[in-house]
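In what follows, every heavy atom counts, from backbone to side chain, and hydrogens, waters and symmetry copies are set aside.
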Amino acid sequence: MLLKEYRICMPLTVDEYKIGQLYMISKHSHEQSDRGEGVEVVQNEPFEDPHHGNGQFTEKRVYLNSKLPSWARAVVPKIFYVTEKAWNYYPYTITGKFTCSFLPKFSIHIETKYEDNKGSNDRIFDSEAKDLEREVCFIDIACDEIPERYYKESEDPKHFKSEKTGRGQLREGWRDSHQPIMCSYKLVTVKFEVWGLQTRVEQFVHKVVRDILLIGHRQAFAWVDEWYDMTMDEVREFERATQEATNKKIGVFPPAISISSIPLLPSSVRSAPSSAPSTPLSTDAPEFLSVPKDRPRKKSAPETLTLPDPEKKATLNLPGVPASDRPCRPKSE
């Protein structure tokens with residue numbers, strides 16, 4: 001197990017980012033999806049927890065084979081996905097179950113808390129991981145380098161300036177003096193309990209997680225003029241429309257996804273996050289997984305099979321019973 005705590009500061013308030021993070025996740029998922037790969041939204045609905053209150057439950061499948069390094073592609077199936085289940089009780093969220101479709105010993109657990117400060121709360125996860133050793137990693141959305149293939153000047157906080165808020169063009173050391181400022185605290189646990197690969201895989205996954213957090217938070221700020229005036233109902237409608245478009249983009253055509261129309265049920269009826277529902281919206285295979293209709297079938301077994309008469313079954317191998325009275329086994333073709 002490898003545990004790290006990431007702290008990502010933003011030139012926003014926690015209340016503002018409630019809209020921004022929903023907008024960013026939907027748009028980012030759509031941009032990163034393509035035919036056969038990307039983020040399929042399986043479920044997105046209101047959820048009530050007895051401790052955290054009202055929130056939103058989402059289940060996604062992330063298809064990402066082509067994004068793996070060559071050494072990882074050599075040991076995984078050609079088509080596989082990672083299941084992500086998340087419970088958003090903003091300003092506290094749990095991305096509690098990243099599980100792989102063919103690796104039962106692989107998992108990622110992320111807990112997130114948001115506060116209006118510059119990442120100075122060293123005790124924010126005392127109740128979750130007080131005695132656990134972990135590395136604290138600060139991520140600077142303005143000055144940290146991102147993979148070249150993901151760089152866009154329009155999404156660079158050093159160059160971008162918001163027309164609606166007047167914020168932007170961040171310079172080195174901006175976190176020390178900028179107002180407003182908030183911080184996303186993320187406690188990330190990666191487990192890959194396979195001898196000989198554990199350290200390498202867990203370190204690689206943390207690198208990927210760090211890059212995703214850096215890129216996503218840069219985009220959330222760079223897109224601020226797109227979402228800043230949105231209400232919660234408006235961003236939920238954007239989320240619904242974008243998720244349906246994303247599912248079609250990767251080759252999945254489920255029924256319409258309901259986000260805000262499902263009524264909340266009493267906590268006595270709805271279960272805790274660990275048993276949240278995970279029924280897919282469609283049982284039909286995506287087009288890229290379907291078997292061609294004209295593909296010939298192999299005849300590896302007889303088309304018909306004659307079963308023995310139950311009344312005669314007891315006569316098998318009994319002494320004194322003529323062979324002609326014993327049930328015959330069907331001959332294979």
Side-chain angles (χ1 to χ4, degrees), residues 1-8 25 29 32 36-43 47 49 51-52 57-89 92-113 122 124-139 147 184-216 271-280 289:
M1 181 185 79
L2 186 57
L3 177 66
K4 292 188 179 184
E5 179 185 326
Y6 296 94
R7 302 180 186 181
I8 312 103
I25 290 171
S29 297
Q32 294 300 312
E37 290 203 353
V39 182
E40 172 198 355
V41 180
V42 177
Q43 204 165 355
F47 188 89
D49 179 78
H51 177 65
H52 299 294
F57 168 74
T58 59
E59 180 182 345
K60 302 175 183 178
R61 291 176 181 172
V62 186
Y63 301 86
L64 39 60
N65 186 279
S66 67
K67 295 179 173 60
L68 296 176
S70 57
W71 60 266
R73 289 198 298 270
V75 297
V76 302
K78 185 176 180 180
I79 298 174
F80 80 100
Y81 58 85
V82 174
T83 298
E84 172 196 327
K85 295 183 180 181
W87 296 264
N88 187 343
Y89 307 105
Y92 173 65
T93 66
I94 307 168
T95 307
K97 291 185 179 180
F98 275 98
T99 54
C100 185
S101 58
F102 76 103
L103 287 175
K105 295 186 178 181
F106 170 77
S107 65
I108 306 173
H109 182 93
I110 303 175
E111 294 190 51
T112 305
K113 295 184 179 182
D122 294 328
I124 192 167
F125 290 114
D126 271 5
S127 60
E128 291 81 12
K130 181 177 181 180
D131 300 322
L132 296 179
E133 182 179 348
R134 62 186 181 274
E135 178 184 358
V136 176
C137 306
F138 284 87
I139 296 179
S184 299
Y185 294 83
K186 293 184 176 286
L187 189 67
V188 182
T189 305
V190 178
K191 290 183 181 180
F192 185 69
E193 299 172 344
V194 176
W195 185 86
L197 291 173
Q198 180 171 2
T199 299
R200 186 177 187 180
V201 170
E202 289 178 352
Q203 290 176 345
F204 169 76
V205 171
H206 267 287
K207 181 182 181 302
V208 172
V209 168
R210 187 189 183 282
D211 286 346
I212 292 173
L213 294 177
L214 175 57
I215 295 166
S271 58
S274 60
S275 58
S278 58
T279 305
L289 288 178

Practice prompt. Could you check if a side-chain atom of His109 sits within less than 4.5 angstrom of a side-chain atom of Ile94, using non-hydrogen atoms only?
Written response: yes
Worksheet item: Is the shortest heavy-atom distance from the side chain of Leu2 to the side chain of Gln203 under 4.5 Å?
Response: yes
Practice prompt. Step by step, work out the side chain to side chain contact (heavy atoms under 4.5 Å, CB included) result for Val201 and Val194.
Written response: CA-CA 9 Å; Val201 170; Val194 176; over 6 Å; no
Worksheet item: Got a second to check how far Lys186's NZ is from Cys137's SG, nearest 0.5 Å?
Response: 14.0 Å
Practice prompt. Look up atom CZ in Arg7 and atom CD1 in Ile139, then write down how far apart they are to the nearest 0.5 Å.
Written response: 12.0 Å
Fill in: Value rounded to 0.5 Å, distance of CD in Glu40 from OG1 in Thr83
9.0 Å
Worksheet item: Under 3.5 Å, is there a donor-acceptor pair between the side chain of Arg134 and the main chain of Ala129?
Response: yes
Worksheet item: Are side-chain heavy atoms of Ile25 and Lys60 found at a separation under 4.5 Å?
Response: yes
Response to the item:
Closest non-hydrogen contact found for Val190 with Glu202 is O-OE2, 3.5 Å
Item to complete: Could you tell me which non-hydrogen atom of Glu133 sits nearest to which non-hydrogen atom of Leu3, and how far apart they are?
Response: O-CD2, 3.9 Å
Item to complete: Specify the closest pair of heavy atoms between Lys113 and Ser127, including all atoms of both residues, with the distance to one decimal.
Response: NZ-OG, 4.1 Å
Worksheet item: Should the heavy atoms of other residues, nucleotides or ligands under 6.0 Å from NZ of Lys4 be counted, would the total exceed 12?
Response: yes
Practice prompt. To the nearest 0.5 angstrom, please state how far the CD atom of Gln32 sits from the CD1 atom of Ile215.
Written response: 7.0 Å
Worksheet entry | Min side-chain heavy-atom separation Glu5-Ile124 under 4.5 Å | yes
Worksheet item: Rounded to the nearest 0.5 Å, how far does NZ of Lys191 lie from CE of Met1?
Response: 6.5 Å
Discussion item. For a 4.5 angstrom cut-off between non-hydrogen side-chain atoms, does Tyr6 reach His206?
Written reply: yes
Worksheet item: Should the ring pair Phe125 and Tyr185 be called parallel, tilted or perpendicular, given that the plane angle runs from 0 to 90° and is split at 30 and 60?
Response: perpendicular
Response to the item:
In short, Asp126 meets Asp122 closest at the heavy-atom pair OD1-O, 4.4 Å
Worksheet item: According to the interplanar angle, ranging from 0 to 90°, do the rings of Phe57 and Trp87 count as parallel (below 30°), tilted (30 to 60°) or perpendicular (above 60°)?
Response: tilted
Worksheet item: What are the two closest non-hydrogen atoms of Thr95 and Glu84, and how far apart are they?
Response: CG2-CG, 3.7 Å
Worksheet item: Ile108 versus Val188: any side-chain heavy-atom pair under 4.5 Å?
Response: yes
Worksheet item: If we ignore angles and hydrogens, is there a donor and acceptor under 3.5 Å between the side chains of Glu111 and Tyr92?
Response: yes
